[in-house]
Number of protein chains: 2
Amino acid sequence: MKKRPARLSDVARAAGVSLATASRALAGSDLVLPDTRERVRNSAALLGYVPHGAARALASRRSRTIGAVLPTIDNPIFASATQALSRALANASYTLLLASHEYDPQAEVAVTRALIERGVDGLVFVGVDHAPQLFHELSRADVPCEPVWALDPGGFHHCVGFANREASARCAQHLLDLGHRRFAVLSGSLQHNDRARERVAGVRAALASRGIELPAERVVETPFSLGGGRGGLRALWQRLGRDGFTGLVCGNDLIALGALIECAAQGVSVPGALSVVGFDDIELSAEFSPALTTIHVPSADIGRFAAERLLSRLAGKRVPRMQEIPVELVVRGSTARAPRRL
Amino acid sequence: MKKRPARLSDVARAAGVSLATASRALAGSDLVLPDTRERVRNSAALLGYVPHGAARALASRRSRTIGAVLPTIDNPIFASATQALSRALANASYTLLLASHEYDPQAEVAVTRALIERGVDGLVFVGVDHAPQLFHELSRADVPCEPVWALDPGGFHHCVGFANREASARCAQHLLDLGHRRFAVLSGSLQHNDRARERVAGVRAALASRGIELPAERVVETPFSLGGGRGGLRALWQRLGRDGFTGLVCGNDLIALGALIECAAQGVSVPGALSVVGFDDIELSAEFSPALTTIHVPSADIGRFAAERLLSRLAGKRVPRMQEIPVELVVRGSTARAPRRL
DNA sequence: TTGTACGCGTTATCAT
DNA sequence: ATGATAACGCGTACAA
């Protein structure tokens, strides 16, 4: 009862054609008579033929597979981008191979290598800052890759993202414009994270242009999570005092929301005693705090564009080397009340 | 300058052994002299040899690849499970192929087929309720699969998850114990989602045991998001009035949090006028609302177990057909009794 | 327009 | 312990 899965040769025989013709027919080649094509397709359907990807990949030297190497999937920041990526790929009959390295550059090299062994036709990375060894492997494997979420200052790699530094500077500038002069930053871990570093650098640059310094003690690194935001804010308060700063720039949504929650828990009014700005990767901010000013990052676009660019390149089309995604400072009203404790 | 990538035959020649020996050496077989093995490994490293996955898969009939078919990656509910899955697989030199269908059963069949074509050695699904066609394809392809996040009432499939219905009944029971008698439910979309349906059924069962009915008008379907929670609660209030219900059961975290946010925005005290319980898939609740009672779902465990089970089965070991993950009702303080009037 | 035949890079089965 | 060689299933020049 357990039949051997049908192979292309079975389909060919059933349709009364040769292997080559069967192959062409199923590939939709124009070289076969429409009539023949139908016949082949019918027998394929009848036999429940499922192409054998490995054999196809071996012969065609293409796997119809794209790899994505993320720091982690568990961070909602990357979820919508990954979803969009996967969707766009599926539309083009490509499939996504996913790997994560949890901010460990060694692990990143390892998982990337695993993807290369799987024969991915292209790769998506997060950020442009990677172990040199990674680039060696990439170039030797000759796999087109597309870093996202950041731009390559050197203009060396293809990439699609936005200028984290400038965006973050706009956040700080917004606070400056509101009259704030004492600042603090809640950042994600800066190690092995060029996006986070750029964002801090942006704040520093904006403040510097007004002669304000941002010493290291005013920057707290904390996990990318609500708990991280809460704990980070407590750490800042402990270090600098409750009125050590009135303007707070957060590295991303989850941290910003955590900070807001901590404010609510401590009875600190926002905006008021404290004004918070941050990056809105995941669009939670709008719902949670209509008062929160954010840089809105269209994560889904990033994923979609990455897919489109990669597929275009595989198809031999040329794409602009660098694609800058416009990001927008969303000021959600300054009079909104602080979030309540729930 | 662009060298052809090194093949196994190159390694073999460089090491002065045959193809077969080289293969065995790199596979770590005990049948080769330790000395020979070293020699082979050295030349492999020297040449920068990278195994060709497709060829290996073709010859060995194994891709060292596992597929996961999710409703969507964009929902944080699935993120930590997927992360855990990916991590566990990577540890065993497996890679994750990811696909999503956005709650469309047709799409689910299509993407699953795509994964099967890619030659996945195993598959993970969400829930046990799928198009019959899906099971046809699966059995014909003879791919072991592991539904997660639910248990199979028929005991037909392997699976790892928990009893959504009973868990949800515990939520409702908790509210009953607090004296609540008027209920409403904010569910995710019920269509093509057995988990959501089971959760509603659980509430209904618990209430029925106290002679309380839950007519359809008291159940609102809303997107799995904060916005969905907010909008859904508004819809319920509009339909049933502000004091049409004092106990609210939410289908998951995001919805529950959205509801809480809406309460805050409308000045409704929680717990007080309203008591909310829900599923805590993503552990936001603890940070956000120390008062929220939830069923805590250890998503990461689900992913890890799915990986372990699948890999065990591939290794020929037997695993218990069904694995029930314990879930826990977490009462986070200030339990609200039902309001004392009428 | 269709068929023949070779190659893709590995693993696995025999011998030795 | 190692080597020769036949699969593995498909794509694609090249021939017809």
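Not measured: the values here are computed from a predicted model.
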Where protein sits on nucleotides 3-16 of chain C, one letter per nucleotide: B base, S sugar-phosphate only, - none, heavy atoms under 4.0 Å: BB--BBBBSBB---
Looking at [atom1] of [X] and [atom2] of [Y], how far apart are the two atoms once the value is rounded to the nearest 0.5 Å?
X: B:L115; Y: B:T65; atom1: CG; atom2: OG1; value: 10.0 Å
X: B:D104; Y: B:T72; atom1: CG; atom2: OG1; value: 13.0 Å
X: B:D121; Y: B:L311; atom1: CG; atom2: CG; value: 9.5 Å

Does [X] pair with [Y] as a salt bridge, N-O distance under 4.0 Å?
X: A:R197; Y: A:D129; value: yes
X: A:D10; Y: A:R4; value: yes
X: A:R64; Y: B:E117; value: no

Near A:F135 CZ, under 6.0 Å, is it more than 12 heavy atoms from other residues, nucleotides or ligands?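 Yes, the 6.0 Å shell around CZ holds more than 12 heavy atoms from other groups.
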Over 12 non-hydrogen atoms of neighbours within 6.0 angstrom of CZ in B:R87: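 12 or below, so no.
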Ignoring hydrogens, what is the shortest heavy-atom contact between A:C159 and A:M322? Give both atom names and the distance.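 Smallest interatomic distance, heavy atoms only, reads SG-CG, 3.3 Å.
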Which heavy atom in A:V124 sits nearest to a heavy atom in A:L310, and how many Å separate them?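 Closest heavy-atom pair between A:V124 and A:L310: CG2-CD2, 3.7 Å.
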Taking any atom under 4.0 angstrom from a heavy atom of chain B, which nucleotides of DNA chain D are the first and last to qualify, 5' to 3'?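 Listing 5' to 3', DNA chain D meets chain B from D:dA1 to D:dG9.
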Residues within residues 28-44 of chain A bordering DNA chain D, heavy-atom distance below 4.0 Å: none
